[in-house]
There are 2 protein chains.
Amino acid sequence: MEKKKAVSIAVVRRLPRYYRYLEELLRNNITKISSKELSDRMGLTASQIRQDFNCFGGFGQQGYGYNVELLYSEISEILGISTVKDAIIIGVGNLGRALANNRDFFMHGFRLVGAFDVNMDIVGRTVGGQTVRHSDELEKFLEENHVDMAILSVPPTVVRSMVDRLTACGIKAFWNFSNVDIRIEGVMFENVHLVDSLMTLHYRMLDKK
Amino acid sequence: MEKKKAVSIAVVRRLPRYYRYLEELLRNNITKISSKELSDRMGLTASQIRQDFNCFGGFGQQGYGYNVELLYSEISEILGISTVKDAIIIGVGNLGRALANNRDFFMHGFRLVGAFDVNMDIVGRTVGGQTVRHSDELEKFLEENHVDMAILSVPPTVVRSMVDRLTACGIKAFWNFSNVDIRIEGVMFENVHLVDSLMTLHYRMLDKK
DNA sequence: TAGATTGTTAATCGATTAACAATC
DNA sequence: TAGATTGTTAATCGATTAACAATC
């Protein structure tokens, strides 16, 4: 019925970027933009931009270009910004705290509904508007509350068992900062492997010289 | 002379992953592995693994497979782990502090040699073994010290001017957390756009249902 | 209407996968 | 030697770019 050949991951990963650039255009009161002009700003080809947008429908007008406001709202719609999903954070160390306290992360389709840690010095503190609970309470919490996604900022050694517990409770999406790859059928992992990113940069710096 | 057709970015981004998996094999005292076996563990094809390694040379042995220790040391060599580069961090808010204090990030080819912020509440504190300096001292510091790379964890509004100042002082590599894209000829940006990552996850979660 | 720019089909390019001869 | 598995060439697949007819 709504079959139209799945949108490739390459396209999906460009969507937030389009969203950002359109946001900026709006801020600057630019009402109209052509694929050529946008491609210059973003460092893409005009052709790619038109191809990308046409995965979702024809948002432009021949001879004119794209209406920025319309395009922005279409892309917001596609990204589903207005559909708020419930997230919890597991591991409230330095990184976890930074993530939980960053309002920016929770203005784009997610809200934080819980925070967990095993460290008794941290349990009871407040991060991102949530009182940190002990990880032992996880199963009980998940039984009583609706949660769509879990942020993983725990040490690599405990990730696997944590993911097992969470998936057992029905969690099917993870924003994973643990630098460990996990693949489970039907479960979605968005990995942010910071060490990998850093090593890639390092390699490219050597390469350059 | 050492011309052999540049290694594609897709391959480069897999290198740290190979490195991680090989590290784990070593930890488990596994001395030998075939491309097939590694491909099962990593969720790649054996063919891709052999292609990837052969961008850098033949590390295997027909009929046997790969010696884990040798392969690990070759990949370490390729990634240049032992060549330590000097990094500074600009912006020591929640995220900047988490990055600076994470020893893990500075055990893979980088060391932190300076930290800067404009907030007087933060200037003078210690993060990642460095006393936070005021950003006004940046140019003087860069004149007197060798710096290869700058970590950008400042608000989006000030990134551009900060990058301009840093590139004017000769910095040619950035680990960029600011969620702003900057492109400058001859300057390398490794972007970690956390909000983009989160929005991508959000989209994929909607898509699923 | 003429000019501009889209939507879309076709061509190209690059990356992944398959196949197999080389060889340990 | 026979079996296994690499290194490497060829085939396939998918994503990007180019081209152009449709149309505002």
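Quick caveat: nothing in here was measured; it's all calculated off a predicted structure. Below, read A as the first sequence line, B as the second, and so on, with proteins coming before strands; counting in each chain starts at 1.
Between B:Y203 and A:F56, the angle of the ring planes goes over 60°, which puts this pair in the perpendicular group of the 30/60° scheme. Aromatic ring orientation, B:H202 versus A:F110: perpendicular (interplanar angle above 60°, classes split at 30° and 60°).
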Could you run down the sub-3.5 Å N/O contacts of the protein with nucleotides 22-24 of chain D?
{"from": "D:dC24", "atom 1": "O3'", "to": "A:Q61", "atom 2": "NE2", "distance (Å)": "2.2"}
{"from": "D:dC24", "atom 1": "O2", "to": "A:Q62", "atom 2": "O", "distance (Å)": "3.3"}

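Checking the phosphate oxygens (OP1, OP2) of D:dA4, no side-chain nitrogen or oxygen of B:Y66 falls inside 4.0 Å.
Ring centers of B:Y72 and B:Y19: under 6.0 Å apart, within the cut-off. Side-chain rings of A:F105 and A:W175 approach one another, their centers coming within less than 6.0 Å. Annotation: B:F174 is in aromatic contact with B:F189 [ring centroid separation under 6.0 Å].
Residues from residues 18-52 of chain A that place a heavy atom under 4.0 Å from any atom of DNA chain D, listed by number: A:T45, A:S47, A:Q48, A:R50, A:Q51.
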- Message: Is there a salt bridge (charged side-chain N to carboxylate O under 4.0 Å, His left out) between B:K172 and B:D148? Walk through the geometry before answering.
- Response: CA-CA 7 Å; B:K172 295 210 161 6; B:D148 300 294; over 6 Å; no
- Item | Steps toward salt bridge (charged side-chain N to carboxylate O under 4.0 Å, His left out) verdict (B:R13, A:D196) | CA-CA 8 Å; B:R13 294 212 173 274; A:D196 287 18; over 6 Å; no
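Separating the CG atom of A:L71 from the P atom of C:dT6 is a distance of 11 Å, rounded to the nearest angstrom. Rounded to a whole Å, the CG atom of A:N54 is 16 Å from the P atom of D:dA15.
A cation-pi geometry, defined here as NZ or CZ lying under 6.0 Å from the six-membered ring centre and within 45° of its normal, holds between A:K32 and A:Y64.
Residues A:R133 and A:F116 are in side-chain contact: their nearest non-hydrogen atoms beyond the backbone lie under 4.5 Å apart.
In this structure, the side chain of A:S35 does not engage the main chain of A:R50 through any donor-acceptor pair within 3.5 Å.
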- Read 5' to 3' with Watson-Crick or G-U pairs under 3.5 Å, [ ] for crossing pairs and | for partners on another strand, DNA chain C gives ..||||||||||||||||||||||
